[in-house]
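What you are looking at is a predicted structure, and each value in this text was computed from that prediction instead of being measured.
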Amino acid sequence: MSQRVLIADDSAPLHKLICAHLAAESLDLHSVYDGESALATIPSLRPDLVLLDVDMPGINGFEVCRQLKESDETHTIPIIFLTAAASSEAKLLGFDLHAMDYITKPFEPTDLLARVRVALRTKLLLDLVPASRVGDDGERATRRRAISGHRINARLKFTDLLAARGANPWNRVAPDQTVIIN
């Protein structure tokens, strides 16, 4: 199963560069060139990660991020800002909008690759945790807050983590092996 990554940036050469750097990762890469297209594409594409520029024509990346994080359907999609907006205020705003990471241009290809791997691994692991196990009052806002990372560790029981661990394909054990947990 290939994970889907949406690149939202107004620079076509940058899309080619990112695709070249991520080619070895067996990802399903998609491109859009403005904020409106990103918002229109994401609900149907359901990407596992969005690489998002801040300065785009029309709706900027901060507004795209805000709208995605406010939507029930898209709030769990990790977002990495990949942008030339390098001020401290811009970075703080990106993290305040619940972006997973913030990379400034020009970027190191190995740094981008490492951060994309971490974001996709985190998304995969969060997808393994049943949504009903996250949050204690069943309200959407609490679940969203927990999943976005504010209090996920305080909300999960050890047994839930073990169950998710067992469903994780990286932790599979051959049928003839025994796993002992102390």
Side-chain angles (χ1 to χ4, degrees), residues 1-128 131 140-141 143-150 152:
M1 174 176 82
S2 182
Q3 289 181 294
R4 290 177 303 279
V5 176
L6 179 67
I7 305 164
D9 193 296
D10 58 340
S11 169
L14 182 72
H15 286 254
K16 290 179 184 176
L17 182 65
I18 292 170
C19 290
H21 290 308
L22 298 179
E25 294 300 303
S26 300
L27 298 171
D28 187 11
L29 300 171
H30 298 266
S31 295
V32 294
Y33 298 92
D34 58 58
E36 290 89 354
S37 297
L39 290 172
T41 302
I42 289 171
S44 60
L45 179 63
R46 303 294 297 164
D48 296 295
L49 174 65
V50 177
L51 297 175
L52 184 60
D53 189 17
V54 170
D55 298 318
M56 294 185 291
I59 300 174
N60 71 32
F62 291 135
E63 180 60 20
V64 170
C65 183
R66 186 191 65 72
Q67 288 186 34
L68 292 175
K69 294 301 178 180
E70 287 181 353
S71 169
D72 289 340
E73 292 80 30
T74 59
H75 72 271
T76 61
I77 298 171
I79 296 172
I80 296 177
F81 280 106
L82 181 59
T83 181
S87 71
S88 296
E89 294 82 16
K91 290 178 185 178
L92 285 172
L93 179 57
F95 286 117
D96 284 344
L97 292 169
H98 303 287
M100 180 172 270
D101 212 335
Y102 197 103
I103 303 171
T104 56
K105 298 175 193 172
F107 59 89
E108 286 292 323
T110 54
D111 191 34
L112 174 66
L113 181 59
R115 292 173 188 220
V116 165
R117 285 178 178 164
V118 167
L120 290 172
R121 189 176 320 128
T122 302
K123 173 74 164 103
L124 181 65
L125 292 173
L126 284 174
D127 286 347
L128 293 173
R140 187 187 79 216
R143 187 170 55 250
R144 181 181 308 144
R145 224 177 10 258
I147 290 173
S148 68
H150 287 285
I152 192 161

Side chain to side chain contact (heavy atoms under 4.5 Å, CB included) between L52 and V64: does it pass, once the steps are laid out? CA-CA 9 Å; L52 184 60; V64 170; 4.1 Å; yes

I would like to know whether L68 and I79 meet side chain to side chain contact (heavy atoms under 4.5 Å, CB included); could you show each step before the answer? CA-CA 9 Å; L68 292 175; I79 296 172; 3.8 Å; yes

Residue pair D9, K105: steps toward the salt bridge (Lys or Arg N to Asp or Glu O under 4.0 Å) verdict: CA-CA 12 Å; D9 193 296; K105 298 175 193 172; 2.7 Å; yes

Between T104 and Y102, does a side chain to side chain contact (heavy atoms under 4.5 Å, CB included) hold up when you go through it step by step? CA-CA 7 Å; T104 56; Y102 197 103; 3.9 Å; yes

Under the side chain to side chain contact (heavy atoms under 4.5 Å, CB included) rule, what do I42 and V32 come out as? Steps first, then yes or no, please. CA-CA 10 Å; I42 289 171; V32 294; over 6 Å; no

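In terms of heavy-atom proximity, G58 sits nearest to E36 at CA-OE2, 3.4 Å. When all heavy atoms of A90 and A85 are compared, the pair lying nearest together is CB-O, 4.0 Å. In this structure, A86 and K91 approach most closely via the heavy-atom pair O-CE, 3.6 Å.
Of the possible donor and acceptor atoms, one in the side chain of H75 sits under 3.5 Å from a partner among the backbone N and O of D72. For S71 (side chain) and Q67 (main-chain N/O), no donor-acceptor pair under 3.5 Å exists by modelled atom type. Under a 3.5 Å cut-off, the side chain of T122 and the backbone N or O of V118 do form a donor-acceptor pair. Between the side chain of R46 and the backbone N or O of E73, at least one donor-acceptor pair lies under 3.5 Å. D48 places no side-chain N or O within donor-acceptor distance of the main-chain N or O of Q3, the cut-off being under 3.5 Å. Of the possible polar contacts, one joining the S2 side chain to the S26 backbone as a donor-acceptor pair under 3.5 Å is found. Looking only at distances, no side-chain donor or acceptor of D53 sits under 3.5 Å from a matching main-chain atom of M56.
H30 is not listed as a side-chain neighbour of V5, based on a closest heavy-atom distance of 4.5 Å or more. Within the 4.5 Å cutoff, the side chain of I80 has no heavy atoms near those of the V50 side chain. Between L6 and L51 there is no side-chain heavy-atom pair separated by less than 4.5 Å. Within the 4.5 Å cutoff, the side chain of D34 has no heavy atoms near those of the I59 side chain. Inter-residue side-chain proximity for C65 and F81 is flagged as met; some heavy-atom pair is nearer than 4.5 Å.
Taking 4.0 Å as the cut-off between side-chain N and carboxylate O, R115 and D101 count as a salt-bridged pair.
C19 SG to E25 CD: the interatomic distance, rounded to the nearest 0.5 Å, is 13.0 Å. A distance of 14.0 Å separates CG of D96 from CZ of R66, quoted to the nearest 0.5 Å. In this structure, H98 NE2 and E70 CD are separated by 9.5 Å, a value rounded to the nearest 0.5 Å. Annotation: the span from D55 atom CG to F62 atom CZ amounts to 8.0 Å, rounded to 0.5 Å. Expressed to the nearest 0.5 Å, how far CG of D28 lies from CG of L22 amounts to 12.0 Å. One distance of note links CG of L93 with OG of S88; it measures 12.5 Å at 0.5 Å rounding.
With respect to P47, the side-chain contact (heavy atoms from CB on, under 4.5 Å) criterion is satisfied by exactly one of L27, I77, L29: I77.
Between E108 and T110, the side chains place no donor N or O within less than 3.5 Å of an acceptor N or O (distance only, hydrogens not considered).
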